[in-house]
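Before any comments, here is the structure.
Numbered from 1 within each chain, the chains take letters A, B, ... in sequence-line order. Scope of the values below: all heavy atoms of this structure, side chains included, with no hydrogens, waters or symmetry mates.
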2 protein chains.
Amino acid sequence: MSSTLEKARQNPDSMKAKIFLAAKKLFGEYGFHGTTTRMIAQEVGIDISTMHYHWGDKRDLYEAVILDLNERIQYKLNEVEKNVKGESLDIRLEVSIEEMCEYLFSNPCISNLILFRSFTKTREDSSIDKKVPEYISNIAVAMGLAIDKQNITVEAKARVLAVVNAILNFISGENFFREMLDITHEEYVRVVKDTLKFILIPAFSKDKIKN
Amino acid sequence: MSSTLEKARQNPDSMKAKIFLAAKKLFGEYGFHGTTTRMIAQEVGIDISTMHYHWGDKRDLYEAVILDLNERIQYKLNEVEKNVKGESLDIRLEVSIEEMCEYLFSNPCISNLILFRSFTKTREDSSIDKKVPEYISNIAVAMGLAIDKQNITVEAKARVLAVVNAILNFISGENFFREMLDITHEEYVRVVKDTLKFILIPAFSKDKIKN
DNA sequence: ATTTTATTCCATCAAATGATGGAATAAATA
DNA sequence: TATTTATTCCATCATTTGATGGAATAAAAT
């Protein structure tokens, strides 16, 4: 757990933490360019200069948000892995889908931010965007697609990416998709979990028999 | 085929079409807020006012791009459907994945724009973003998940969304993912196709036997 | 050739946006 | 309480950004 995460957890009522949370939410919804410093300040109910006082410039704040995000997702995945250790792959997938959905649905900005990073360019190129997330390798090992973290085939990584993205997509796309499906949030959560299980489990199932 | 698409095809060398293409590319890469009118003008090599002369304001241009995109994806899907008509679902999926990948990899801005629409908010809310794409229903029918277009269950639509997003993700995320996988574009295309088939076919396979 | 129309760019504006200095205020410390 | 330190906001700046009027130029029509 690094300093960013620690600080935000240290005192969630601190102004610095409040600004951070507002930024996380807005960057997730509107992206880097879509979010203005004034939007963040207004969300917290403060002046922009107070924001600069605590976090420096917009880019610094954004990078802190991205770092925090990587830490949190890594932490959560480790947690899930512990919960499913020893089970069959089918069960592990099912439980992991369930738990990750619960987590991400209650923290939608996490998946928003990850997708933003993967799909969009930023005008000023930032070094932070080049950092490759490590959790993909961890998942590959946890799913039995590789023996050790250092030696993972391209195919295995690609399969993990497909799994991860399938989940993230449904979380981040809720507003858009739910309007298409015309259902409540609760129904959406249920449908997403079922759909993910339907799509993902057969591919990795050992007995190769579906349903 | 509506006027937007026709016009762009009418004379691809016309200034209006050139501006349109540049806008499509840049909106796909940077999103609405990430793209400035000056970036578009510079890409074409003209003045901003020439852009305004042909397309009105930025929002008009963006909405034209979105409309065009819906028409193209719809058109392509109909084309693919014709090619696979009568085959088994397994074969249809395999061929569709192959053809859609070919198409989208050579027109990456299409998947970029679709994902942008699904995942991000725009500060000014636009009516265009509310329009629900019809192609999801068409695919559901084509995949045998529903009998007619008017009567499609939520589950069926959700499954189609999962399939479509799985494909779009890999196309739009190429830059990011390819750096992780450390492979060439050609290798990436191959891996993506194989991974999509690996993930998607077993879920829908009638004989429920994988490989 | 002359007139009309269409196209393009230069100069410029107004608003939005990121950023900062310094005064005002609150909190902490001595 | 007096002094120092930390925090917050107001006023303001410079730049970016979307947009426009009008001159200059090219193309078309007469």
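Taking atom CZ of residue Arg59(A) and atom P of nucleotide dT17(C), one finds them 17 Å apart after rounding to whole Å. The OH-C1' distance, from Tyr62(B) to dG18(D), rounds to 17 Å in whole Å. Rounded to an integer number of Å, the gap from Tyr30(B) OH to dT16(D) P is 16 Å. For the pair Gln42(A) CD and dA16(C) C1', the computed distance is 14 Å after rounding to whole Å. Between the P atom of dT20(D) and the CG atom of Asp60(B) lies a distance of 10 Å, rounded to the nearest Å. The separation between Met51(A) atom CE and dC9(D) atom P is 13 Å, rounded to whole Å. Spacing between atom CG of Asp57(A) and atom P of dG21(C) amounts to 13 Å, rounded to whole angstrom units. At whole-Å resolution of the value, CG in Asp47(A) and C1' in dT25(C) are 14 Å apart.
When the nucleotides dC10(C), dC9(D), dT12(D) are ranked by their closest atom to the side chain of Arg38(A), dT12(D) comes out on top. Nearest nucleotide to the His52(B) side chain, out of dT17(D), dT20(D), dA6(D): dT20(D). The side chain of Thr36(A) lies closest to dT17(C) when the candidates are dT17(C), dT20(C), dT7(D). Among dT7(C), dA19(D), dA19(C), the nucleotide with an atom closest to any side-chain atom of Tyr53(B) is dT7(C). Residue Lys58(A) places its side chain closer to dA19(C) than to any other of dG18(D), dC9(C), dA19(C). The listed nucleotides are dG18(C), dG21(C), dT17(D); the one nearest the side chain of Arg123(A) is dT17(D).
Looking at heavy-atom distances under 4.0 Å, Ile48(A) makes contact with a base. Residue Thr50(B) is in base contact, counting any heavy-atom pair closer than 4.0 Å across all strands shown.
Not one side-chain nitrogen or oxygen of His33(A) sits closer than 4.0 Å to the OP1 or OP2 atom of dT17(C). At the phosphate of dT20(D), neither OP1 nor OP2 sits under 4.0 Å from any side-chain N or O atom of Ser49(B).
By the 4.5 Å heavy-atom criterion applied to side chains, Thr195(A) and Glu155(B) are not counted as neighbours. Residues His54(A) and Met15(A) form a side-chain contact, since some pair of their non-hydrogen atoms from C-beta on lies under 4.5 Å apart.
Over its full length, the helix from dA1(C)-dT30(D) to dA30(C)-dT1(D) turns its helical axis through 0°, comparing axes from the five pairs at each end and rounding to 10°.
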Sequence neighbours left out, cut at 3.5 Å: what donor-acceptor pairs do the side chains of residues 158-168 of chain A make with other protein atoms?
from	atom 1	to	atom 2	distance (Å)
Asn165(A)	ND2	Leu161(A)	O	3.1

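For the residue pair Glu81(A)/Asn138(A), the side-chain donor-acceptor check at 3.5 Å is not satisfied.
Checked against the 6.0 Å centroid threshold, Phe27(B) and Tyr62(B) count as a close aromatic pair.
Between Phe119(A) and Phe119(B), the angle of the ring planes stays under 30°, which puts this pair in the parallel group of the 30/60° scheme.
Judged by the 6.0 Å distance and 45° axis criteria, Lys58(B) is positioned over the aromatic ring of Phe32(B).
Between Asp57(B) and His52(B), the shortest heavy-atom contact is CA-CD2, 3.9 Å.
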